[in-house]
2 protein chains.
Amino acid sequence: MPEVVAQQVKSDVGLASALRSSTLRLSRQIRRQRVEGVDLTANQLGVLGALGKHDAMTIGELAAHEQVKPPSMTRIVSNMEEAGLVARRPHDTDKRQIVVELTESAHALLHANRRRRDEWLQTKLKKLTPEERDILRKAAAVLERLAAT
Amino acid sequence: MPEVVAQQVKSDVGLASALRSSTLRLSRQIRRQRVEGVDLTANQLGVLGALGKHDAMTIGELAAHEQVKPPSMTRIVSNMEEAGLVARRPHDTDKRQIVVELTESAHALLHANRRRRDEWLQTKLKKLTPEERDILRKAAAVLERLAAT
DNA sequence: CTTAGCTCATTACCTTTGCTAACAAAAATA
DNA sequence: TATTTTTGTTAGCAAAGGTAATGAGCTAAG
């Protein structure tokens with residue numbers, strides 16, 4: 001480890017900077033790992049992820065979540081529907097709205113993606129020392145709390 | 001912290017999963033923080049970041065780095081040149097190649113962006129306990145090493 | 001209760017952006 | 001020196017997002 005980093009990290013401003021840099025770098029690499037043969041656009045991936053968390057969302061909610069205008073989301077969902085990734089369903093009480101849900105194969109894809117990323121990360125973790133892994137074990141919980149607030 | 005997480009993190013597979021989730025989540029939030037009034041496409045941001053690290057790159061190098069075909073990079077660079085973000089310059093020895101560099105204002109923009117993200121992260125860090133910050137201090141170095149390999 | 005206004009998704013059209021193919025200039029190689 | 005390869009650009013095409021306009025359904029004022 002370069003001395004410069006060790007020194008910077010002592011101050012809080014240095015901690016923020018070091019954490020920003022290392023987190024962004026690692027996340028870029030994690031993001032790069034995904035199942036082959038399936039090429040989705042960034043927005044399709046975003047929709048998949050959002051539905052993975054929230055189960056069922058309307059077109060408008062998805063558009064807001066993905067920072068995209070409603071007409072664009074209409075087309076994104078249509079494409080994903082043709083690809084068998086999502087299904088449209090009428091809203092229970094409001095007939096204007098359309099509820100979008102993941103299909104079984106989309107759930108499987110999400111799961112496979114996560115699995116692949118985890119496997120990749122595990123092989124990298126094996127190269128660290130037990131002490132380093134221990135530090136990351138504690139840090140994961142803190143990072144989770146940091147991202148949650 | 002939920003017990004489930006604490007338990008999972010004990011195993012290495014759980015560590016990878018927890019680290020993936022928390023890192024991706026935090027990085028998404030960091031990425032969201034940027035200077036207002038300047039809206040750049042994802043590729044423009046990528047070029048800016050790449051040039052921020054490597055100082056001077058050819059069109060071909062940039063295309064490879066951003067996972068884009070050379071003709072696309074030609075246009076991206078042309079647009080950024082018009083926007084005053086980059087400058088073209090002939091290669092020293094190979095007259096086929098074009099070297100792209102950041103302008104002063106692009107450097108300033110990159111700096112402002114980093115600064116803004118750091119400030120945002122610092123305010124979040126302040127809400128943690130000193131012990132948690134200490135964990136992150138150690139973890140930053142390990143994450144850096146993890147991303148470097 | 002009914003009409004006016006609002007919300008949500010969609011359609012039509014335009015612009016942007018990336019890709020492939022074709023090309024010109026320069027370098028490498030035979 | 002002649003041929004092949006590499007590098008960037010131009011031209012034309014397809015995909016994807018945005019705005020404006022439309023239609024169906026909800027909501028609230030009269």
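Because the structure is predicted, anything quoted here is derived from the model rather than measured. Heavy atoms only: backbone and side chains are in, while hydrogens, waters and symmetry mates are out. Here is the naming used below: chain letters follow the sequence lines, and residue numbers restart at 1 for every chain.
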Q.
Give the residues of residues 46-55 of chain B touching DNA chain C, defined as any heavy atom closer than 4.0 Å, sorted by residue number.
A. none
Q) Going by atom types alone, do A/S17 and B/R117 pair a side-chain donor with an acceptor below 3.5 Å? A) no
Q) Can A/Q97 and A/D94 be counted as having a side-chain donor-acceptor contact under 3.5 angstrom? A) yes
Under 4.0 Å between a Lys/Arg side-chain N and an Asp/Glu carboxylate O for [X] and [Y]?
| X | Y | result |
| --- | --- | --- |
| B/K138 | A/E132 | no |
| A/E144 | B/R25 | yes |
| B/R137 | B/D134 | yes |
| B/D92 | B/K95 | no |

Q: Hey, could you give me the CG/CZ distance between A/L121 and A/R114, rounded to the nearest 0.5 Å?
A: 14.5 Å
Q. Got a sec: does the CZ of B/R116 have more than 12 other heavy atoms crowding it under 6.0 Å?
A. yes
Q) Of A/T41, A/T103, A/V47, which is the lone residue that meets side chain to side chain contact (heavy atoms under 4.5 Å, CB included) with A/M80? A) A/V47
(Q) Going 5' to 3' along DNA chain C, which are the first and last nucleotides with any atom under 4.0 Å from a heavy atom of chain A? (A) C/dT7 to C/dT11
Q | Joint cluster assignment, B/I76 & B/V99, ILVMFWY side-chain distance < 4.5 Å | A | no
Q: Spell out protein contact along nucleotides 7-20 of chain D as letters: B when the base is contacted, S when just the sugar-phosphate is, - when no protein heavy atom is under 4.0 Å; keep the 5' to 3' order.
A: SSBB-----BBBBB
